[in-house]
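Hydrogens, waters and symmetry mates play no part in the numbers below; they use all other heavy atoms, side chains included.
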Amino acid sequence: MRLSESQRRGVTAPELVFHAEYDTEPASESLAAAFRVPTGAKLLKRTYRTGARADETPLSLVRSYLRYEQVAVNPALLDAGNEPWPGGTQHQLGTLGIEIDRVTDRITARAPSAEEISDLELAAGVPVFELRKTSIDIRDRVVEVADMILPADRTEFFYTTRLCRWQA
């Protein structure tokens, strides 16, 4: 597959097409374990699709989960019509007094499902990255779990890790 110009150089926020849908969902065993809640606990499920406006090619599929009881305190957080939210999830949680301390990312590669091939307009043989992002607050509570599906032919990971200096 040949990459478009926007995919080769990256895109800026105004060049993106963003779509959000909100729903509720009972916590699966996996999500219940991640959130440390009982299986079946009510979660707010937010589904995001982002693409480049110039070529309308999907760049990612994201399913973000928040504990419903925690975010329902601010009804604005239950309305997909408020997306995109300036400052994203971190700001949304900040409206509730929740401060994120750390985020862990786990990235794996795999073959896409038939639905992902269609949704992401993948060429035959293109794998996907599955990134699970877990946000933990300053009280050591898991406050968001997000599962991102990213096409390997248009995704680049670039990380910088700052290390604390050891003092003798």
Side-chain angles (χ1 to χ4, degrees), residues 10-11 13 16-51 58-116 119-120 122 127-152 154-166:
V11 293
L16 294 174
V17 176
F18 182 80
H19 176 75
E21 293 177 17
Y22 284 21
D23 202 353
T24 58
E25 184 172 296
S28 64
E29 285 185 27
S30 171
L31 287 168
F35 277 107
R36 297 175 241 159
V37 299
T39 300
K42 189 175 184 179
L43 300 176
L44 176 65
K45 177 184 176 184
R46 306 175 307 165
T47 303
Y48 301 107
R49 294 177 191 272
T50 305
L59 298 173
S60 67
L61 303 174
V62 178
R63 287 179 188 86
S64 166
Y65 300 90
L66 303 168
R67 293 178 54 196
Y68 187 88
E69 77 209 27
Q70 205 168 42
V71 297
V73 174
N74 181 349
L77 300 181
L78 303 176
D79 184 356
N82 292 325
E83 293 284 0
W85 191 286
T89 300
Q90 189 169 351
H91 181 229
Q92 290 172 324
L93 293 173
T95 69
L96 303 169
I98 297 171
E99 182 180 347
I100 295 177
D101 175 64
R102 63 193 181 278
V103 177
T104 61
D105 289 338
R106 180 182 176 167
I107 303 167
T108 56
R110 62 172 174 77
S113 69
E115 182 181 5
E116 291 164 345
D119 289 348
L120 291 167
L122 296 173
V128 293
F129 292 110
E130 184 170 5
L131 186 154
R132 173 160 278 191
K133 180 184 85 148
T134 304
S135 299
I136 302 142
D137 75 356
I138 60 174
R139 295 182 184 151
D140 205 37
R141 299 176 299 179
V142 173
V143 294
E144 182 200 23
V145 175
D147 293 320
M148 301 175 205
I149 307 301
L150 306 155
R154 47 196 114 133
T155 300
E156 175 184 34
F157 294 101
F158 178 83
Y159 285 89
T160 299
T161 304
R162 294 203 181 271
L163 303 176
C164 295
R165 293 185 179 166
W166 182 74

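Applying the salt bridge (Lys or Arg N to Asp or Glu O under 4.0 Å) definition to pairs two or more places apart or across chains, those involving residues 64-81 are R67-E69. Residue pairs that meet the ring-ring contact (aromatic ring centres under 6.0 Å, His included) test with at least one member in residues 65-84, sequence neighbours left out, do not exist here.
Ionic pairing of E116 and R110 is present here: one or more N-O contacts between side-chain nitrogen and carboxylate oxygen are shorter than 4.0 angstrom. Classification of R132 and D105 as a salt-bridged pair fails, no side-chain N sitting under 4.0 Å from a carboxylate O. Ion pairing of K45 with D23 is absent here, as no side-chain N (NZ or NE/NH1/NH2) approaches a carboxylate O to less than 4.0 Å.
Every residue meeting the side chain to side chain contact (heavy atoms under 4.5 Å, CB included) condition with R106, not counting sequence neighbours, appears here in chain and number order: T108. Residues satisfying the side chain to side chain contact (heavy atoms under 4.5 Å, CB included) criterion with V73, sequence neighbours excluded, are L96. Scored by the side-chain hydrogen bond (donor to acceptor under 3.5 Å, both in side chains) test, R141 finds D137 as partners (sequence neighbours excluded). Under the side-chain hydrogen bond (donor to acceptor under 3.5 Å, both in side chains) criterion, E21 pairs with H19, not counting sequence neighbours.
For the atom pair I136 CD1 and I98 CD1, the distance stands at 13.5 Å (nearest 0.5 Å). Separation of atoms CG (D119) and CG (L61) is listed at 5.5 Å; rounding is to 0.5 Å. To the nearest 0.5 angstrom, T39 atom OG1 is 5.0 Å from E29 atom CD. Distance check: S64 OG to L44 CG gives 7.5 Å after rounding to the nearest 0.5 Å. With rounding to the nearest 0.5 angstrom, the CG atom of D140 is 8.0 Å from the CG atom of D101. Taken to the nearest 0.5 Å, the CZ atom of F18 stands 12.0 Å off from the CZ atom of R49.
Results of the side chain to side chain donor-acceptor pair (under 3.5 Å) test with E144 over Q70, Q92, R46 single out R46 as the only residue that passes.
A 4.5 Å side-chain heavy-atom check between N82 and Y22 finds every atom pair outside the cut-off. Looking at heavy atoms from C-beta onward, T50 lies out of side-chain contact with V17 at the 4.5 angstrom threshold. Within the 4.5 Å cutoff, the side chain of V128 has heavy atoms near those of the L120 side chain. For the pair Y48/R63, no side-chain contact is recorded, criterion being any heavy-atom separation below 4.5 Å from C-beta on.
Between G40 and P26, the closest heavy-atom pair is O-CB, 3.7 Å. Nearest heavy-atom pair across P151 and P58 is CG-O, 4.2 Å. What you find for V143 and F35 is that their closest heavy atoms are C-CE2, 3.9 Å. When all heavy atoms of Y159 and I107 are compared, the pair lying nearest together is OH-CD1, 3.4 Å.
Using cut-offs of 30° and 60° on the angle between ring planes, the pair F129 and F157 is perpendicular.
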**Request:** Check the pair L31 / V145 against side-chain contact (heavy atoms from CB on, under 4.5 Å), numbers first and verdict last.
**Result:** CA-CA 8 Å; L31 287 168; V145 175; 3.8 Å; yes
**Prompt:** Can M148 and K133 be said to form a side-chain contact (heavy atoms from CB on, under 4.5 Å), step by step?
**Reply:** CA-CA 8 Å; M148 301 175 205; K133 180 184 85 148; 3.9 Å; yes
**Message:** Run V62 and D147 through side-chain contact (heavy atoms from CB on, under 4.5 Å) and show every step you take.
**Reply:** CA-CA 6 Å; V62 178; D147 293 320; over 6 Å; no
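Surrounding CZ of F158 are at most 12 heavy atoms belonging to other residues, nucleotides or ligands under 6.0 Å away. Counting non-hydrogen atoms of neighbouring residues, nucleotides and ligands closer than 6.0 angstrom, the CZ atom of R139 reaches no more than 12 such neighbours.
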